[in-house]
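By convention in this document, chain letters (A, B, ...) are assigned in the order of the sequence lines, proteins followed by strands, and residues within each chain are numbered from 1.
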Number of protein chains: 2
Amino acid sequence: MSQQRPGGQSGQPGAVPALPDLPEATVARLPEYLRALHNLAETGHDTVSSEGLAAAAGVNSAKLRKDLSHLGSYGTRGVGYDVALLIEQIEYVLGLTQRRAVALVGVGNLGHALAGYAGFATRGFRIAALFDADPSRVGEQISGLVVRHIEDLAEIAAAESIAIGVIATPAAAAQSVADQLVAAGVTSILNFAPCVLSVPEGVDVRKVDLAIELQILSFHEHRKASLTSLPATGPTGGLTALPGGLSATGTEEAVGT
Amino acid sequence: MSQQRPGGQSGQPGAVPALPDLPEATVARLPEYLRALHNLAETGHDTVSSEGLAAAAGVNSAKLRKDLSHLGSYGTRGVGYDVALLIEQIEYVLGLTQRRAVALVGVGNLGHALAGYAGFATRGFRIAALFDADPSRVGEQISGLVVRHIEDLAEIAAAESIAIGVIATPAAAAQSVADQLVAAGVTSILNFAPCVLSVPEGVDVRKVDLAIELQILSFHEHRKASLTSLPATGPTGGLTALPGGLSATGTEEAVGT
DNA sequence: AGGCGCTTGTGAAGTCGTGCACAAATCGCG
DNA sequence: CGCGATTTGTGCACGACTTCACAAGCGCCT
Ligand SMILES: NC(=O)c1ccc[n+]([C@@H]2O[C@H](COP(=O)([O-])OP(=O)(O)OC[C@H]3O[C@@H](n4cnc5c(N)ncnc54)[C@H](O)[C@@H]3O)[C@@H](O)[C@H]2O)c1
Ligand SMILES: NC(=O)c1ccc[n+]([C@@H]2O[C@H](COP(=O)([O-])OP(=O)(O)OC[C@H]3O[C@@H](n4cnc5c(N)ncnc54)[C@H](O)[C@@H]3O)[C@@H](O)[C@H]2O)c1
């Protein structure tokens, strides 16, 4: 166990340049832990056990401990984790010690909502610029920012050190926008348009597609409905609510031949 | 268009109400395949190979074939998949043969964008009702729907057979809204608020959190930046583009103590 | 000081998902 | 009618992730 963890007990709070290379699944959960930790900090907790934090983050405690162990040993056996220290560590690993500048392209329906979203600012990001291709939108002012024409992207991206771009244009324009973002030096893209983007090696893309989320839920609805005939095999007899949860499934399957 | 449900060549077009139970990872990809298929259909393709569809959906072809094989054998060796048939099958499995009614709670910044989003309608869903707790918003009309007070949820959910709910309220209200949705018979929830929801067994929750997506991207930015000193160790020597991708990484780490 | 209860960190086993590689199936063509 | 080109469906090995279970470490109490 004498793992020479980056930074950890080395006593030297100075330099910890090398990131441990975390499993992707762990990286995806760290932000959730971070949010939970901030909640705990605000409600006056100084320390928290893996059990407690796991509950707050909606995962099981073994997973949480293993995730955190990848960052190093920041817990105290018999006590738990120091909330403030853990926040610091996770923020460091996620690269949130600096406030990252983000460009938002496509100031339509969705873009407006995103531009006005406070959650960006409170969680480590700064919307540094808004872009659109529609001349009638250019110049419009939204939460303190003026919408710029997409042509100015390269210039502004360089000036503001923008490395993250958000695409909120129609799908038809998304690939073209992505190309322009990449050309402007952006190396991470969050894409809201329902399409696959092709980007060069070294550029990360994450996608958020509302309809996909709903369709996954739809599948589960479908599956639940096809199980209605079965008796309440409830593995856990103790579900509190589940009110009348019945009529909902009334007429589902029309599997009729 | 008689539903030739699963069991294609089994000859017995009798009853196959039971869904094959698909791996969760497969379920999550089916919507992506479906979108790609619709694109192909619109551009006049009648059939598509696993290779072609995989490219359109952004996955590798082996994965795609394995995913589809879970639904049954709907391809023709030497030819590929019949686009229309595959669309029909995937829509059946996802439970999209009926247009599912969705309730949207919280008609604020984000809620407005969602309410006006056409992608719902074109991909199997119908926003059946909008709810808010703010009296000044109740009565407002948005894309043909009147905003109702959250108190009317149970009544309307029953009347409209709503089984899916979308939460777009502040985090502080989300759990309470979730409880009300569940009490109204909703069994699937899409949550945009940054918090964990606790729901009874049998209710599915999916979460979309913008800030988490950005933080994951931030991690990768951080990691890329900590590698700048290394030469282009490119495991694959053949990256095509990678335009000027340079200055972007200029001043990164400010690993101050 | 020593023992006790609590909690972390982690080997190890189990589960799930991925990708390869190829036999089987089908079509088009000669 | 048979053959070769093509593409699916899948067995298998591998890797990633999850979960269990417990020894080691820590603080507190006596
Ligand atoms: N509205 C939603 O709730 C919602 C939800 C999920 C996904 N989406 C997706 O997000 C995207 C945007 O949705 P929306 O409802 O805001 O659409 P919208 O039409 O309201 O807005 C699109 C904006 O992009 C701009 N645009 C078009 N081409 C551009 C280009 N080449 N460069 C820069 N800007 C360009 C348009 O001028 C417009 O302002 C769509 O792909 C949609 O499918 C929207
Ligand atoms: N705006 C965005 O782009 C964005 C992006 C990602 C996530 N989110 C999240 O989505 C949620 C909504 O964001 P927003 O910007 O639209 O906030 P908002 O404040 O503009 O809107 C929230 C709406 O919910 C209503 N509401 C409050 N309590 C309610 C209750 N108990 N029942 C019913 N309605 C209630 C409010 O009246 C208001 O209309 C937040 O949790 C936010 O973190 C927003």
Residues passing the salt bridge (Lys or Arg N to Asp or Glu O under 4.0 Å) test with B:R65, sequence neighbours excluded, are none
Partners of A:R99 by salt bridge (Lys or Arg N to Asp or Glu O under 4.0 Å), sequence neighbours excluded?
none
Who are the side-chain contact (heavy atoms from CB on, under 4.5 Å) partners of B:S188, not counting sequence neighbours?
A:L217, A:E221, A:K224, B:I164, B:D204
Output all residues satisfying ring-ring contact (aromatic ring centres under 6.0 Å, His included) with A:Y117, sequence neighbours left out; order by chain, then residue number.
A:F120
Against A:V93, only a single residue in A:L34, A:V27, A:T26, A:L71 fulfils side-chain contact (heavy atoms from CB on, under 4.5 Å); can you say which?
A:L71
Closest non-hydrogen contact found for B:A174 with B:A193 is CB-CB, 3.8 Å
Polar-atom pairs under 3.5 Å, protein N or O versus N or O of nucleotides 27-30 of chain C: list them with distances, or write none.
none

Suppose we call a contact any N or O donor and acceptor under 3.5 Å apart; does that hold for the side chain of B:K66 and the base of C:dT18?
no
Could you state the atom-to-atom distance from CZ of B:R65 to P of C:dA24 in whole Å?
16 Å
My understanding is that only residues two or more places apart in sequence, or in another chain, count here; which of them pass salt bridge (Lys or Arg N to Asp or Glu O under 4.0 Å) with B:E32?
A:K207, B:R35
For B:H70 and C:dC16, what is the distance between atoms NE2 and P respectively, to the nearest whole Å?
12 Å
Please enumerate all residues that pass side-chain hydrogen bond (donor to acceptor under 3.5 Å, both in side chains) together with A:S49, with sequence neighbours excluded.
none
Between A:E24 (CD) and C:dG17 (C1'), how many Å, whole number?
15 Å
Which residues in residues 44-64 of chain B have at least one heavy atom lying under 4.0 Å from any atom of DNA chain C?
B:N60, B:A62, B:K63
Measure CG/A:D82 against C1'/D:dC26 and give the value in whole Å, please.
15 Å
C:dG9 phosphate, OP1 or OP2, under 4.0 Å from A:Y81 side-chain N/O:
yes
Name all residues meeting the salt bridge (Lys or Arg N to Asp or Glu O under 4.0 Å) criterion together with B:R123; count only those two or more places apart in sequence or in a different chain, and write none if there are none.
A:D209
Which of residues 26-38 of chain B have a heavy atom under 4.0 Å from DNA chain C?
B:R29
Rounded to the nearest Å, what distance is computed from the OH atom of residue B:Y74 to the P atom of nucleotide D:dG9?
11 Å
Name the closest nucleotide to the B:A25 side chain, picking from C:dT18, D:dG9, C:dT8.
C:dT18
Quick one: list whatever passes side-chain hydrogen bond (donor to acceptor under 3.5 Å, both in side chains) with B:N191, sequence neighbours left out.
none
Pairing residues for B:T47 by the side-chain hydrogen bond (donor to acceptor under 3.5 Å, both in side chains) criterion, not counting sequence neighbours:
none
